[in-house]
Amino acid sequence: MGKSQPLMVQGTHSDAGKSIVVTALCRIFADKGFKTAPFKSQNMALNSYITLDGKEIGRAQGVQAEAARILASTNMNPILIKPTGESRSQIVVHGKPYQNMEADSYRTDFYEQGLMLIRESYQALTQEYDRIIIEGAGSPAEVNLNDRELVNMRVARMTNAPVVLVGDIDKGGVFASLVGTLQLLDPEDRKRVIGVIINKFRGDLSLLEPGLKWFEEYTSLPVLGVIPHVKDLNIEAEDSVVLDTYTALKDTTKDIDIAVIQYPRISNFTDIDPLFQEEDCHVRFVKKKEEIGQPDLIIMPGSKNTIEDLEFLRALGMADKIITLVETGKSSIIGICGGYQMLGEKIEDSFGIESATKETNGLGLIKGLHTQLLEEKVTILSEGNARYSNRELPVKGFEIHMGDSTYEDKYSLPFIQLADGRHDGFIQADQRCIGTYFHHIFHNDLLRIEILNDLRTRLGLPPIHDRKPFEAIKEKAFSDLAMVVEKSLDMALIEKKMKEFSDSERDN
């Protein structure tokens, strides 16, 4: 398939570190002078990335493209699955919604079409890139799913890719999970595995060496490297599993307490990432009423099922707690996308886009705000000027929503004047309540500084103006990650194995 040389990264389970390893390899190969692209045939994620042409792909592939210093395209993630319920998801094909499907229907009715899409997308990448780093999903040893899977060994066979298997030692049982995975593979697929990587190791490497030697003797496969556990990677996470690593407890050593409401279908939580880098801020994710406390700022992030997530907040008493904190002036609040919709008075889903519930009341914090969920999805890169503290601050971001929100409030103005002439969002006169469809609002340094200094002023604290630019933090994170991974892996052996694999396949 074209001029490119592929390498596939699979894992023993979800959250083994596949995405991070692929991100690192994209930067490493790019730094070596290879034009490199990421590829994930099918991605299940609620964190999205918008391409330059306004299409939606998995956030991880967008970040991996940034690491490779290229523009992302939908060929890098042709199928995106966005769960809306326990067994129902929105299927996004080449960046646009295809339809909502049940899990069994997807496996039976979409399979052949999915294969065709994947093949075509990969073929397109091979015409443009020297290296393609392919990411699997979950585990290739899911024996109950392997007959119709679209993301692991079937993709390795389709793309003729050698496979590196990643195991997470931090969770324990890494040798058992690696060996067990290998033993459950089809013999022909097992031959594609050129070695393994042990990820997230803590401590003295010499203590691990007997296990490494045993593994290599037992499996006849090399350990290609041991990657240490790296604290504060500053690389955007894709899987919501990462949210369980954040505390819900307040850190009294930090000036500003920020509580992010974690509902079941939380999406695009990477909107919050820049706030983690601010030394005076403590960000915590909360999913119980008693965890909320009295934060200085409440953030309502995006949601893939706004009505059901709102019902979740009501059932746990969180909705009433949020309303009381904001209305009594104890907490400010910012709602993004689905969170913005929840701040209004009413949400209608007449077409059954996300839920069987046709209409529900919002939190009522933005008077007169009504949202109608629509069948057509807005996916667009946006820019404009945000109104804050009597200033017009330039902002860039993206929109992903299937709702239209309108309000009438003669005392308030739209939050953002967009460059295309549209208006977005709401900002209360005292700036304590803000709603917007604009993702990555906190990634804009000037606006983030104003918001945080406004909070500091309310707390009687002096402003901080010399905060670090977030783009510089991101770029440093890519470089630091690549340096750690390249130092940890035997890249010469990996490239040697890749060449041997390609040569042997060509000879056959």
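Heavy-atom basis, side chains included; hydrogens, waters and symmetry copies ignored.
- With hydrogens and angles ignored, the 3.5 Å screen pairs a side-chain donor or acceptor of Asp271 with a backbone N or O of His440.
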Handout entry: Chi angles and distances behind the ring-ring contact (aromatic ring centres under 6.0 Å, His included) call for Tyr407, His370
Key = CA-CA 6 Å; Tyr407 67 87; His370 289 186; over 10 Å; no
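- For the residue pair Lys82 and Val92, the shortest heavy atom distance occurs at CD-CG2, 4.2 Å.
- Between Ser350 and Lys358, the closest side-chain pair of non-hydrogen atoms is not below 4.5 Å.
- No donor-acceptor pair closer than 3.5 Å links the side chain of Thr436 to the backbone N or O of Gly425.
- Judged by the 6.0 Å distance and 45° axis criteria, Arg148 is positioned over the aromatic ring of Tyr111.
- Remark: Lys330 NZ is loosely packed, at most 12 non-hydrogen atoms of other residues, nucleotides or ligands lying under 6.0 Å away.
- Scanning all heavy atoms of the two residues, the minimum distance from Asn75 to Ala124 falls at ND2-CB, 3.6 Å.
- In this pair, Phe285 and Phe276 present their aromatic rings parallel. The plane angle is below 30°, not in the 30 to 60° band.
- In terms of heavy-atom proximity, Gly339 sits nearest to Tyr263 at CA-OH, 3.8 Å.
- Checking side-chain atoms of Arg448 against main-chain N and O of Phe442 turns up a donor-acceptor pair under 3.5 Å.
- By the 4.5 Å heavy-atom criterion applied to side chains, Ile258 and Asp296 are not counted as neighbours.
- Heavy atoms only, all atoms of each residue included: Ser48 and Arg59 are closest at O-NH1, 2.9 Å.
- Counting heavy atoms from C-beta outward, Val93 and Leu117 have side chains that approach closer than 4.5 Å.
- Side chains of Tyr437 and Ile336 form no contact here, defined as non-hydrogen atoms less than 4.5 Å apart.
- Each of Ile441, Leu447, Leu393, Ile427 was evaluated against Ile416; a single residue qualifies, Ile441, per the side-chain contact (heavy atoms from CB on, under 4.5 Å) test.
- Here the rule is side chain to side chain donor-acceptor pair (under 3.5 Å) with Thr74, and of His94, Lys55, Gln61 only His94 fits it.
- Salt-bridge annotation for Lys18 and Glu135: absent, with no side-chain N of the basic residue lying under 4.0 Å from a carboxylate O of the acidic one.
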Problem - Residues Cys433, Phe426; criterion side-chain contact (heavy atoms from CB on, under 4.5 Å); working and verdict - result: CA-CA 8 Å; Cys433 180; Phe426 165 95; 4.1 Å; yes
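- Here the side chain of Glu345 pairs no donor or acceptor atom with the backbone of Lys367 at under 3.5 angstrom.
- Counting non-hydrogen atoms of neighbouring residues, nucleotides and ligands closer than 6.0 angstrom, the CZ atom of Arg314 exceeds 12 such neighbours.
- Taking each heavy atom of Ser14 and Gly138 in turn, the nearest pair found is OG-CA, 3.6 Å.
- Ionic pairing of Asp168 and Lys200 is present here: one or more N-O contacts between side-chain nitrogen and carboxylate oxygen are shorter than 4.0 angstrom.
- Of the possible donor and acceptor atoms, one in the side chain of Asn47 sits under 3.5 Å from a partner among the backbone N and O of Asn268.
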Handout entry: Step-by-step side-chain hydrogen bond (donor to acceptor under 3.5 Å, both in side chains) determination, Asn77 to Tyr49
Key = CA-CA 10 Å; Asn77 176 213; Tyr49 188 99; over 6 Å; no
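- The aromatic rings of His443 and Phe470 lie perpendicular to each other, with more than 60° between the two planes, well past the 30° mark.
- Side chain of Thr379 to backbone of Ile400: no donor-acceptor contact under 3.5 angstrom is found.
- Of the possible donor and acceptor atoms, one in the side chain of Asn146 sits under 3.5 Å from a partner among the backbone N and O of Pro140.
- Put simply, the residue from Glu399, Glu354, Glu56 that forms a salt bridge (Lys or Arg N to Asp or Glu O under 4.0 Å) with Lys377 is Glu56.
- Side-chain atoms of Ile118 and Phe39, non-hydrogen and from C-beta on, do get closer than 4.5 Å to each other.
- No side-chain heavy atom of Met300 sits less than 4.5 Å from a side-chain heavy atom of Ile334.
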Practice task
Go through the steps for Phe110 and Tyr98 under the test ring-ring contact (aromatic ring centres under 6.0 Å, His included), then give the verdict.
Solution key: CA-CA 11 Å; Phe110 187 76; Tyr98 173 68; 5.5 Å; yes
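- Among all heavy-atom pairs drawn from Thr36 and Ala30, the shortest one is OG1-N, 3.7 Å.
- Side chain of Asp349 to backbone of Gly352: a donor-acceptor contact under 3.5 angstrom is found.
- Looking at Glu291, its side chain does come within 3.5 Å of a backbone N or O of Lys287 through a donor-acceptor pair.
- Dense packing is recorded around CG of Asn144, with more than 12 heavy atoms of other residues, nucleotides or ligands lying under 6.0 Å away.
- Two residues are said to be in side-chain contact when any heavy atoms from C-beta on lie closer than 4.5 Å; Ile333 and Arg432 fail this criterion.
- Other residues, nucleotides and ligands contribute over 12 non-hydrogen atoms within 6.0 Å of the NZ atom of Lys96.
- At distances below 3.5 Å, not a single donor-acceptor pair connects side-chain atoms of Gln64 with backbone N or O atoms of Cys26.
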Problem - Stepwise side-chain hydrogen bond (donor to acceptor under 3.5 Å, both in side chains) check, Gln90 with Thr84 - result: CA-CA 7 Å; Gln90 180 187 72; Thr84 59; over 6 Å; no
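- Counting only heavy atoms from C-beta outward, the side chains of Thr12 and Lys171 never approach each other to under 4.5 Å.
- Comment: Asp104 does not engage Arg88 in a salt bridge, judged by the lack of any side-chain N to carboxylate O separation of less than 4.0 angstrom.
- Going from atom CG of Leu297 over to atom SG of Cys281 covers 8.5 Å, rounded to the nearest 0.5 Å.
- Once rounded to the nearest 0.5 Å, the distance linking NZ of Lys321 with CE of Met318 reads 10.5 Å.
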